[in-house]
There are 2 protein chains.
Amino acid sequence: MSAAEETTGEETPWGEVTPEAARRLLVAAVDAFAERGYHATTTRDIAGRAGMSPAALYIHFKTKEELLHRISKIGHERALCVLDTEADRDGTAAERLAGAVRSFVRWHAERHTTARVVQYELDALGEEHRTEIVALRRRSDAVVRRIINEGVRDGEFDVPDVSGTTLAVLSLCIDVARWFNARGSRTPDEVGELYADLVLRMVGARTAPDPK
Amino acid sequence: MSAAEETTGEETPWGEVTPEAARRLLVAAVDAFAERGYHATTTRDIAGRAGMSPAALYIHFKTKEELLHRISKIGHERALCVLDTEADRDGTAAERLAGAVRSFVRWHAERHTTARVVQYELDALGEEHRTEIVALRRRSDAVVRRIINEGVRDGEFDVPDVSGTTLAVLSLCIDVARWFNARGSRTPDEVGELYADLVLRMVGARTAPDPK
DNA sequence: CCCGAACCTGAGCAAGCGCTTAGGGGCCGT
DNA sequence: ACGGCCCCTAAGCGCTTGCTCAGGTTCGGG
């Protein structure tokens with residue numbers, strides 16, 4: 001049930017945000033941005049959710065945009081980390097692709113409120129911050145593309161258009177953040193499993209990697 | 001090259017918006033909303049793009065939200081229409097599914113600025129207007145689900161989870177509006193073709209519907 | 001020549017926005 | 001006991017927002 005305390009530094013999602021009050025503000029901002037969008041969210045709303053006055057926000061963050069930047073950066077790093085650890089495992093390309101999609105999708109479903117901000121409020125960032133985040137995003141693309149290329153090279157996959165298929169796979173995963181609803185009928189694990197299977201079909205994997 | 005004048009009432013996208021000045025405002029609003037998002041767009045910006053004063057907007061539309069509603073409604077109806085005409089053709093389920101995806105994706109790519117507003121600014125609408133639009137959206141879902149169900153029934157498709165696969169197919173198509181870039185390397189037709197193929201793989205279609 | 005309808009503008013209102021500033025209260029070592 | 005430091009708030013500044021309204025221009029019909 002609770003996967004909050006673990007030995008890996010990966011859990012307790014915003015652990016690295018150092019002053020405790022700043023973390024409360026940041027979590028409040030994630031909720032507000034995910035619910036209403038960045039531009040429709042007021043600094044007063046964020047401060048209110050964190051139980052503080054509007055002015056308290058500016059002790060910990062220079063601007064409202066800095067809040068979005070911190071959220072976006074940490075979120076992207078987490079998502080990329082999830083993808084990387086699965087891609088670097090041993091096993092066939094099909095196993096690694098399935099693992100990567102499963103984990104990536106599960107992350108987008110479990111942390112769908114964070115993911116929504118991270119994926120859909122990107123161009124509310126300022127010029128410099130946006131290009132920084134876009135660079136992180138290209139690395140996700142490279143990870144998936146590499147696995148698919150290896151699968152093609154080893155004769156495991158049948159993919160006529162590697163770039164296009166990479167795009168489609170990532171697009172499919174990312175869009176989970178848009179529609180996933182915690183009160184819906186599917187758990188994050190179920191969605192991850194379903195999507196891993198669909199992606200293997202998309203790349204024409206020869207052998208389904210049976211977990212047994 | 002130009003598919004702007006045709007006998008079907010479907011072309012010249014905003015033809016049904018009756019006063020010509022209102023149409024200019026609406027087109028300006030689509031551009032602005034797609035570029036910056038609904039909440040970040042000001043009524044002054046919309047009016048400016050249409051070459052009018054801010055006050056002129058309120059002669060043709062009661063509020064800024066009404067503009068979004070008109071755009072959203074017409075856009076959804078168009079997309080649904082595209083989907084429906086392909087779904088009602090004769091042919092195997094695979095042919096109809098491929099046709100539907102191809103056209104739906106092409107629409108999202110060609111009209112990606114409209115599609116972005118239609119698909120991603122949904123919850124900037126007021127309560128009543130949003131539920132009206134959500135109803136339209138469910139109809140798209142039903143169309144795709146029906147084709148997949150028929151394919152399974154006729155033994156053409158191998159789909160363990162029809163609901164989940166329907167969701168994934170629509171999700172894949174809709175997300176095109178987010179990433180498609182007119183200055184990119186792919187044409188709407190190419191993306192449509194690629195996606196139709198990927199979707200047929202997702203449903204495990206027995207026979208690829210060769211157009212020849 | 002004038003009339004009324006259709007359409008648009010300049011000026012501006014009340015409200016809400018992001019953000020700043022002056023100052024108060026609790027907790028530390030000494 | 002007390003000074004320095006951190007954290008927070010009340011109040012509010014300057015500006016922009018969605019939207020309004022009185023008045024001007026254009027036009028076809030009598």
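Chain A is the first sequence line, chain B the second, and so forth, proteins listed ahead of strands; every chain is numbered from 1.
With DNA chain D read from its 5' end, the first of the two nearest nucleotides for Ile59(A) and His39(B) is the one closest to Ile59(A).
When the P atom of dT20(D) is taken as reference, atom CG of Leu57(B) falls 11 Å away, rounded to whole Å. Rounded to a whole Å, the CZ atom of Phe61(B) is 15 Å from the P atom of dT20(D).
The only option from Asp175(A), Val105(A), Thr113(A), Val191(A) that meets the side-chain contact (heavy atoms from CB on, under 4.5 Å) definition with Phe180(A) turns out to be Val191(A).
Using a cut-off of 4.0 Å between Lys/Arg side-chain N and Asp/Glu carboxylate O, Arg137(B) and Asp141(B) are scored as not salt-bridged. Remark: Glu193(B) engages Arg102(B) in a salt bridge, criterion side-chain N to carboxylate O under 4.0 Å. Between Asp45(A) and Arg36(A), at least one side-chain nitrogen of the basic residue sits less than 4.0 Å from a carboxylate oxygen of the acidic one, meeting the salt-bridge criterion. Residues Glu35(B) and Arg49(B) are paired through a salt bridge, judged by an N-O separation under 4.0 Å between the basic side chain and the carboxylate.
A heavy atom lying under 4.0 Å from DNA chain D marks the following residues of residues 41-48 of chain B, by number: Thr41(B), Thr42(B), Thr43(B), Arg44(B).
In terms of phosphate contacts, Tyr58(B) brings no side-chain nitrogen or oxygen within less than 4.0 Å of OP1 or OP2 of dT20(D).
Atoms CD and OG, from Glu77(A) and Ser72(A) in turn, are 10.5 Å apart once rounded to the nearest 0.5 Å. In this structure, the separation between CG on Leu198(B) and SG on Cys173(B) is 10.0 Å, given to the nearest 0.5 Å.
Relative ring orientation between Trp179(A) and Tyr195(A) is described as tilted, the plane-to-plane angle lying within the 30° to 60° band.
Protein chain A touches strand DNA chain C; the 5'-most and 3'-most nucleotides with an atom under 4.0 angstrom of its non-hydrogen atoms are dC17(C) to dT21(C).
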